[in-house]
There are 2 protein chains.
Amino acid sequence: MYENLASEFGVVDTCAMMGGMPQPSAPRKTPGRPPRISREEILAAARRIVDEAGVDRLTMRRLAMEVGSTPMALYHHVRDKEELLVLLLDDHAARTLRRPELPAHPRERVVVAATAIHAALAACPWSVEVLTADDLLSTSALWFVEQIVDGLVECGLSPDRAVHGYRAIWYYTAGELVVRTAAARRRASDDRVTYREQVFADLDPGELPRLAQLADRWAPLTAEDTYQEGLRALVDGLLAGR
Amino acid sequence: MYENLASEFGVVDTCAMMGGMPQPSAPRKTPGRPPRISREEILAAARRIVDEAGVDRLTMRRLAMEVGSTPMALYHHVRDKEELLVLLLDDHAARTLRRPELPAHPRERVVVAATAIHAALAACPWSVEVLTADDLLSTSALWFVEQIVDGLVECGLSPDRAVHGYRAIWYYTAGELVVRTAAARRRASDDRVTYREQVFADLDPGELPRLAQLADRWAPLTAEDTYQEGLRALVDGLLAGR
DNA sequence: ACCTGAACACCGTTCAAGT
DNA sequence: ACCTGAACACCGTTCAAGT
């Protein structure tokens, strides 16, 4: 089904996004023992584990059990665990990133493309793990990068500034995901919340007047989803006066 | 020296930054066996390990050896490894965050405060590990948050929008750090670079014209430090028309 | 109250051997 | 070429006991 995902799409380090790996080598004419398990099988099993139990539970041993093999057999199909995670995100991107209708205005195109990437990554919370381990994005995402860079150029930025603009958008997007995920994890492990409230209540209005004034609204305000709002501000700023 | 760091500064979940923990309890009047090791001793040893060998090498066992004790003794002074890491970043913030001269113009104050936090965190690459584990920042950082929120309000934002603006700035900052660290890690483990070059060279100019056009300049462009440039764009955008 | 020793329940990965 | 078994060199943390 997606056995030559890498060769079909090619894969690239966009220097700021998810990633993929080259296929190890072209299949020769049955030179030795026939394989019992395949990369796709491994990936499918890994996806199952991650979806059902979370990334933390994805271990080489458990994965081997899931595919009915031994841990070391996996290393014949995947270089190491890090590559497995990158492959997994690559796979996820290829199957969930659908190219949206693009608006006519280039500025809006930038917003739509960035939002689509953000939504795809926000949908799999473990993506942050991979992002921080290896900042690559599958070639499925290249089209979105193209739309962002092109939109910025169409709005009057030089190509160089457009690349920098794309990177700023990616920083903002990756940061939102990291903070969102960390907040979700904290919520899961309860506590701390009461502590935060306490400290906010104890703020010295003389030293930190704004924070003291906002103390009781801080929690709800920071719980709001403001990704698009901030994204639009960033894009506006990148294009200001041009 | 910094034995009551937590009680001195208090500590707070800013919902988007580094963090600290409450001291376990007030010292009673010698109720039992006198302590052989202290929190500060543990923290100092942890700092030594992290500086010399990296976060990956900071294990409870190695830390115990470094302080001349056993792994389990540590759990009497620290809840678990995660708290240890948060404490470590807290400690780092307290000793490296120096309040800069603030410019008169509130917009510039926002930029200066954000840049100071960014610089402090960029100076300790392992901070990303903690950021993604727990999104707290020590109270040492609260003053900077105050400056950002206040600066935005002074520029005409409502308090609510100022908090959202602060969060956008934090997303952008955290994202830059995450991507920067991932890129550094990738550089350290070499390879991949040639692969990226290859894929960029193979881009289909028909499908992805901008990326194809920028292919050979992509690497140097993305290597440039554009944190401030993007930050200014973001702040400009947040304040646009207000 | 604080510390120790031993143990539990795991990891990712290498190596040498099998088919 | 592909897979297996055993082992290496680790982890964080719990538990029961000591001082």
Side-chain angles (χ1 to χ4, degrees), chain A residues 3 23-43 45-46 49-50 53-88 126 129-130 133-134 185 189 191, chain B residues 3 21 23-43 45-46 49-50 53-88 126 129-130 133-134 185 189:
Chain A
E3 48 197 350
Q23 214 69 315
S25 61
R28 303 274 178 74
K29 322 183 90 187
T30 59
R33 181 172 168 170
R36 278 157 123 79
I37 53 174
S38 65
R39 235 190 205 210
E40 305 91 81
E41 232 176 308
I42 293 172
L43 242 37
I49 293 172
V50 165
V55 228
D56 299 347
R57 304 312 243 281
L58 178 63
T59 69
M60 299 304 267
R61 288 156 202 267
R62 177 160 176 177
L63 180 55
M65 249 178 51
E66 187 87 13
V67 297
S69 185
T70 64
M72 283 319 298
L74 303 175
Y75 286 86
H76 240 269
H77 302 266
V78 148
R79 190 171 32 152
D80 52 22
K81 199 187 176 182
E82 189 171 321
E83 181 180 298
L84 179 72
L85 283 171
V86 172
L87 246 22
L88 207 58
W126 49 273
E129 229 83 0
V130 183
D134 193 328
R185 212 181 337 245
S189 73
D191 67 278
Chain B
E3 49 197 350
M21 289 291 132
Q23 213 69 313
S25 61
R28 304 274 177 74
K29 324 182 91 188
T30 59
R33 180 172 171 171
R36 279 158 122 80
I37 53 175
S38 66
R39 234 188 207 210
E40 306 92 81
E41 231 177 308
I42 292 173
L43 242 36
I49 293 173
V50 165
V55 228
D56 298 347
R57 305 311 244 281
L58 178 63
T59 69
M60 300 304 267
R61 289 156 201 266
R62 177 159 176 176
L63 181 54
M65 249 179 51
E66 188 86 12
V67 297
S69 185
T70 64
M72 282 320 298
L74 304 175
Y75 286 86
H76 240 268
H77 302 266
V78 145
R79 189 172 32 152
D80 52 21
K81 198 187 174 181
E82 189 171 321
E83 182 181 298
L84 178 72
L85 283 171
V86 172
L87 246 22
L88 206 58
W126 50 271
E129 229 84 0
V130 183
D134 195 328
R185 211 182 337 246
S189 74

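Chain letters run A, B, ... following the sequence lines, proteins first and then strands; every chain starts at 1. If you're wondering where the values come from, they're calculated on a predicted model, not measured in any experiment.
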Original post:
When the distance from CE of B/Met60 to C1' of C/dC10 is rounded to whole Å, what number comes out?
Top reply: 17 Å
Original post:
In terms of side-chain geometry, is the basic nitrogen of A/Arg39 or A/Glu83 positioned less than 4.0 Å from the acidic oxygen of its partner?
Top reply: yes
Original post:
What's the closest nucleotide to the B/Pro35 side chain, out of D/dT4, C/dC2, D/dG12?
Top reply: C/dC2
Original post:
Between D/dC3 and A/Thr70, is there an OP1 or OP2 to side-chain N/O distance shorter than 4.0 Å?
Top reply: no
Original post:
Roughly, in whole Å, what's the span from CG in A/Leu63 to C1' in C/dT13?
Top reply: 15 Å
Original post:
Taking OP1 and OP2 of C/dT4, is either one under 4.0 Å from a side-chain nitrogen or oxygen of B/Ser69?
Top reply: yes
Original post:
Within a reach of under 6.0 Å around CZ of B/Arg62, are more than 12 heavy atoms found that belong to other residues, nucleotides or ligands?
Top reply: yes
**OP:** Using a 3.5 Å limit on both pairing distances, list the dot-bracket string of DNA chain D from the 5' end; Watson-Crick and G-U wobble pairs count, crossing pairs take [ ], interstrand pairs take |.
**Re:** ||.|||||...|||||.||
Original post:
Atom CG of B/Leu84 and atom P of D/dG12: how far apart are they, to the nearest Å?
Top reply: 10 Å
**OP:** Grab the CZ-C1' distance between A/Arg61 and C/dT13 for me, whole Å please.
**Re:** 9 Å
Subject >> A/Leu58 or B/Ile37, whichever maps to the more 5' nucleotide of DNA chain C >> reply: B/Ile37
**OP:** Provide, to the nearest angstrom, the distance between the CE atom belonging to B/Met72 and the P atom belonging to D/dT13.
**Re:** 9 Å
Original post:
Is there a side-chain contact between A/Leu58 and A/Leu84, using heavy atoms and a 4.5 Å cut-off?
Top reply: yes
Original post:
Is the phosphate of D/dC3, meaning OP1 or OP2, less than 4.0 Å from a side-chain N or O of A/His77?
Top reply: yes
